[in-house]
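Below is one structure, written out as structure tokens; the observations come after it.
Per chain, numbering begins at 1; letters A, B, ... match sequence-line order. All of these numbers come straight from a predicted model, not from anything done at the bench. Excluded from the calculations below are hydrogen atoms, water molecules and symmetry mates; all remaining heavy atoms, backbone and side chain alike, are included.
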2 protein chains.
Amino acid sequence: MTVSERALAEQLNRSLRHIVLMLRRATADQAITSQQLSVLGSLEHGPCRMTELAAEHGVRLPTMTAQINRLERDGLVERGRDGSDARVVTAALTAAGRERLAAGREQRIGFLAERFAGLTDEERAAVAAALPALDKLFAAP
Amino acid sequence: MTVSERALAEQLNRSLRHIVLMLRRATADQAITSQQLSVLGSLEHGPCRMTELAAEHGVRLPTMTAQINRLERDGLVERGRDGSDARVVTAALTAAGRERLAAGREQRIGFLAERFAGLTDEERAAVAAALPALDKLFAAP
DNA sequence: TATTGTTATACTCTATAACTATA
DNA sequence: TATAGTTATAGAGTATAACAATA
């Protein structure tokens with residue numbers, strides 16, 4: 001590992017702290033929690049198994065059971081069964097869940113767009129140029 | 001707001017989702033929670049008032065009272081008094097708290113440095129070039 | 001009266017241990 | 001025996017409402 005990687009990691013760590021704090025302040029008054037919105041996002045492209053959901057979100061299976069219980073109680077997701085293996089339980093968005101996901105996403109995008117309006121063209125270009133590298137940096141293994 | 005700002009906000013929102021999920025998975029087995037580490041970070045440069053801490057972290061005052069209670073119970077922070085106003089309570093790092101903060105930070109930086117090792121020089125340069133703009137984007141108002 | 005902080009209470013989020021059902 | 005999931009229980013994190021102390 002080179003010195004440059006270490007220095008870059010330190011700088012990014014500092015920036016990530018500010019990003020996380022700002023996002024927390026910006027989403028503190030949302031109708032849905034960020035965890036719930038995040039789980040709904042995992043179901044956007046179709047049903048997902050409990051085990052997959054837990055792994056993607058870095059939580060244990062009982063945690064995801066409780067989360068899906070709350071989302072099902074609120075009418076945002078539905079449990080289903082996988083035909084090929086009777087042990088498997090899947091979760092899928094309901095129409096209300098899809099609406100809630102779209103609303104939450106719109107709020108976050110609106111917040112970001114407002115912040116981007118305060119940047120110069122050069123700064124926006126720098127962010128745009130870095131997104132592919134950031135995606136690679138944080139891609140699932 | 002231009003179309004470009006909107007499109008950029010959508011792309012960054014998608015990237016932020018991956019960043020948050022990855023950081024959650026990477027820090028799931030830490031000795032200290034990310035909230036606790038974040039609060040310790042706010043005390044790095046000296047004592048801080050309860051109200052300031054709550055505002056910085058986007059939580060209500062009773063939430064920060066509970067958080068500081070836990071950190072004080074664990075010997076990581078100490079409550080103090082502000083001389084000029086008898087209502088004000090401050091929180092400050094103990095020696096153990098400072099050590100814990102350094103250890104948690106080191107773990108995060110190590111994780112990021114490892115990920116950076118998987119990027120090309122061009123990709124690292126793109127991230128470095130974007131950090132000032134990202135800091136401005138997420139700076140406190 | 002307004003500000004600073006805590007206490008009381010309830011809900012979300014999370015983990016470990018123990019359990020059921022299926023492979 | 002191993003895997004997928006739930007239930008039971010406990011603790012962290014969060015909010016609102018009510019309270020005490022100080023400005």
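Clustering of Ile, Leu, Val, Met, Phe, Trp and Tyr by side-chain heavy atoms under 4.5 Å joins B:V88 with none of the others.
With values rounded to the nearest 0.5 angstrom, B:L76 atom CG is found 5.0 Å from B:R100 atom CZ.
Look at CG on B:L61: it is 7 Å from P on C:dT6, rounded to the nearest Å. Atom CZ in B:R79 sits about 8 Å away from atom C1' in C:dT6, given to the nearest Å. To the nearest angstrom, P of D:dT6 lies 16 Å from CZ of A:R73. Rounded to whole Å, atom C1' of D:dA12 lies 14 Å from atom CG of B:L76. Rounded to a whole Å, the CE atom of B:M50 is 10 Å from the P atom of C:dT7.
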> Would A:Q30 and A:R108 count as a side-chain contact (heavy atoms from CB on, under 4.5 Å) if you check the C-alpha gap in whole Å, the side-chain angles of each, and the deciding distance to 0.1 Å?
Replying inline: CA-CA 10 Å; A:Q30 276 205 150; A:R108 295 175 80 99; 4.2 Å; yes

>> A:I19 vs B:D135, test: side-chain contact (heavy atoms from CB on, under 4.5 Å). Steps then yes/no.
In response: CA-CA 8 Å; A:I19 291 173; B:D135 288 343; over 6 Å; no

> Given A:S42 and B:R17, is the side chain to side chain donor-acceptor pair (under 3.5 Å) satisfied, shown in steps?
Replying inline: CA-CA 10 Å; A:S42 296; B:R17 174 183 163 82; 2.8 Å; yes

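Of the residues in residues 20-49 of chain A, A:T33, A:Q35, A:Q36 come within less than 4.0 Å of DNA chain C through at least one heavy atom, sorted by number. Non-hydrogen atoms lying under 4.0 Å from DNA chain D are contributed by A:T65, all within residues 63-72 of chain A. Contacts between residues 88-102 of chain B and DNA chain C, counted as heavy-atom distances below 4.0 Å, involve B:V88, B:V89.
Here the side chains of A:F111 and A:T27 are not in contact, with every heavy-atom distance at 4.5 Å or above. Inter-residue side-chain proximity for B:E123 and A:L134 is flagged as unmet; no heavy-atom pair is nearer than 4.5 Å. At least one side-chain heavy atom of B:L137 sits less than 4.5 Å from a side-chain heavy atom of B:L12.
With respect to B:E44 and B:R105, a salt bridge is recorded, a charged nitrogen being found less than 4.0 Å from a carboxylate O. Taking a cutoff of 4.0 Å between a charged side-chain nitrogen and a carboxylate oxygen, A:R115 and B:E5 do not qualify as a salt bridge. The pair B:E10-B:R6 counts as a salt bridge, with a side-chain nitrogen and a carboxylate oxygen less than 4.0 angstrom apart.
Counted within 6.0 Å of CZ on A:R60, heavy atoms from surrounding residues, nucleotides or ligands total 12 or fewer; the atom is thus considered open.
Within the structure, side chain to side chain donor-acceptor pair (under 3.5 Å) contacts touching residues 75-92 of chain A (residues at least two apart or in different chains) are A:N69-A:R79, A:E72-A:R79, A:D82-A:S84, A:D85-A:R87.
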>> So if I define the base as every atom that isn't primed, P, OP1 or OP2, how would nucleotides 18-23 of chain D read as a B/S/- string at a heavy-atom cutoff under 4.0 Å?
In response: ----BS

